[in-house]
Amino acid sequence: MRLLVALTCLLAGCLAQRPQPCTTPPLLTGEFIVSAQKGEVTPIHMQYLYDAVGQRIRLTEKSSNANKNSVRDFLLHYKEGVVYNIFNSNQTCQTLPLKGQFQPIGIQKPAFHVGDAFLGGSSVLNETLQITTWTIALPGKAGKFITHVTKFGCFPISTLFDTDTDQFGWVIINYFNNVVGITDPSLLNPPSFCPQAEIKPEAEQKHFLNLLFEKD
Ligand SMILES: *[C@@H]1O[C@H](CO)[C@@H](O)[C@H](O)[C@H]1NC(C)=O
Ligand SMILES: *[C@@H]1O[C@H](CO)[C@@H](O)[C@H](O)[C@H]1NC(C)=O
């Protein structure tokens, strides 16, 4: 009997220890740097607002060599399949059809746990971050990912994904300065000067990578 209890505990312990895919907080604010293997070589630095519930994302370029007029600003509404290309300089806005499904940040099933590790230097106090690494292969051609998230909060660190296109090849996104929540949720609604979504059906659908990497 005692042996059985011990075995059960052991088994339960083993199950409890097996890492489970985690969910990133559904409302996040932060920054990322994205670069692609092919095409545009300059990494792009964006600020993001992320709402996984409403499937809305705002992406605003963080441009240090500040030509403020050309700072790109996109609002992606996946449920409606619409992206607003916002020009704050002259208060105009383009509404375009958005291509692709909403992909939550974090670990989606089916996911394979690669391992856990410490980033930084573990010989100095407070200089480490514990991370967990997963590979994800979404069905069909939806994508192959290698994703690192923090071990305990499931905050995104980086994701490397195979776009399976000649246009981009592998794309890497490095996240930082992530904070839970969105200070000004109104930024996830189109500005008043954006026309109500009337999208020309013949307009070319835009994938978010096309938005980021296309130069106009
Ligand atoms: C507003 O500015 C953008 C970016 O500079 C430009 O492409 C667009 O044509 C301008 N729109 C109008 C109506 O002037
Ligand atoms: C490490 O972090 C703790 C908690 O934030 C802090 O109290 C402590 O001063 C830090 N130690 C060093 C060496 O920075």
Side-chain angles (χ1 to χ4, degrees), residues 24 28-52 54-65 67-106 108 136-147 156 158-176 187-191 193-216:
T24 296
L28 273 187
T29 299
E31 296 172 43
F32 65 77
I33 290 177
V34 57
S35 29
Q37 178 193 8
K38 298 179 181 169
E40 172 69 56
V41 283
T42 318
I44 296 170
H45 181 186
M46 305 295 282
Q47 185 185 48
Y48 74 86
L49 307 177
Y50 168 81
D51 167 14
Q55 301 191 356
R56 301 178 300 176
I57 297 174
R58 181 87 179 242
L59 299 175
T60 310
E61 192 163 23
K62 297 273 285 187
S63 173
S64 49
N65 40 3
N67 179 1
K68 278 282 178 199
N69 287 340
S70 68
V71 166
R72 291 173 305 158
D73 192 357
F74 303 107
L75 176 64
L76 291 74
H77 279 191
Y78 277 92
K79 282 183 181 167
E80 292 84 20
V82 168
V83 53
Y84 301 93
N85 188 7
I86 301 164
F87 305 108
N88 292 292
S89 55
N90 55 13
Q91 302 240 309
T92 63
C93 180
Q94 280 178 326
T95 309
L96 302 166
L98 178 62
K99 191 176 190 170
Q101 297 286 311
F102 180 77
Q103 302 273 356
I105 298 177
Q108 301 170 70
I136 302 161
L138 295 181
K141 294 215 163 185
K144 283 182 292 191
F145 300 79
I146 302 171
T147 298
S158 73
T159 189
L160 177 67
F161 62 100
D162 184 0
T163 62
D164 201 26
T165 64
D166 286 338
Q167 191 180 5
F168 301 117
W170 286 87
V171 169
I172 185 157
I173 304 180
N174 284 297
Y175 295 88
F176 51 96
L187 292 172
L188 289 169
N189 297 324
F193 54 80
C194 283
Q196 277 310 304
E198 52 167 63
I199 309 161
K200 299 190 190 83
E202 69 274 17
E204 192 199 342
Q205 285 196 327
K206 296 285 188 184
H207 189 272
F208 88 96
L209 288 173
N210 293 107
L211 296 170
L212 293 183
F213 287 113
E214 256 172 27
K215 290 283 174 226
D216 37 21

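Since we're looking at a predicted model, the values are computed, not measured.
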So, for [X] and [Y], which heavy atoms are closest and what is the spacing to 0.1 Å?
X    : Y    : answer
P190 : H77  : CD-CE1, 3.9 Å
I86  : C93  : CG1-SG, 4.3 Å
S158 : N174 : CB-OD1, 3.2 Å
P156 : L28  : CD-CD1, 4.0 Å
M46  : L212 : CE-CD2, 3.6 Å
T92  : F193 : O-CE1, 3.4 Å

Fill in: Side-chain H-bond candidate by donor/acceptor type, N189 with R56, under 3.5 Å
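Their side chains do contain a donor-acceptor pair, which is all the 3.5 Å distance test asks for.
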With a 4.5 Å heavy-atom cut-off, do [X] and [Y] have their side chains touching?
X    : Y    : answer
Q91  : P191 : no
I105 : Y50  : yes
Q167 : N210 : yes
L49  : D51  : no
S35  : I173 : no
I33  : I44  : no
L76  : L59  : yes
Y84  : L96  : no

Practice prompt. Identify, with sequence neighbours excluded, every residue that meets ring-ring contact (aromatic ring centres under 6.0 Å, His included) alongside F74.
Written response: none
Worksheet item: Which residues pass the ring-ring contact (aromatic ring centres under 6.0 Å, His included) test with H207, sequence neighbours left out?
Response: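 Listed in chain order: nothing, the list is empty.
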Fill in: Stepwise side chain to side chain contact (heavy atoms under 4.5 Å, CB included) check, L211 with N85
CA-CA 9 Å; L211 296 170; N85 188 7; 5.8 Å; no
Item to complete: Inspect the surroundings of CG in D166 and state if more than 12 heavy atoms from other residues, nucleotides or ligands are less than 6.0 Å away.
Response: no
Item to complete: With side chain to side chain contact (heavy atoms under 4.5 Å, CB included) as the test, would you mind laying out the steps for F161 and I172 before giving the verdict?
Response: CA-CA 6 Å; F161 62 100; I172 185 157; over 6 Å; no
Worksheet entry | Heavy-atom donor-acceptor pair, Q37 side chain to W170 backbone, under 3.5 Å |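 Indeed, once roles are kept as given, a pair shorter than 3.5 Å links the two residues.
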Discussion item. Please confirm whether the ring centroid of F176 lies under 6.0 Å from the ring centroid of H45.
Written reply: yes
Discussion item. Classify the ring geometry of Y48 against Y175: parallel below 30°, tilted from 30° to 60°, perpendicular beyond 60°.
Written reply: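 Judged by the thresholds at 30° and 60°, the geometry between Y48 and Y175 is perpendicular.
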Item to complete: Kindly compute the distance separating CD (Q55) from OH (Y78), expressed to the nearest 0.5 Å.
Response: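 If I round to the nearest 0.5 Å, the distance is 9.5 Å.
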Discussion item. Given L98, which partner from the list V82, L75, V83 fulfils the side chain to side chain contact (heavy atoms under 4.5 Å, CB included) test?
Written reply: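 So the option named by the test is V83.
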Worksheet item: Which residue pairs pass the salt bridge (Lys or Arg N to Asp or Glu O under 4.0 Å) test when at least one of the two sits in residues 73-102, sequence neighbours left out?
Response: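 Every pair satisfying salt bridge (Lys or Arg N to Asp or Glu O under 4.0 Å) with a residue in residues 73-102: R58-D73.
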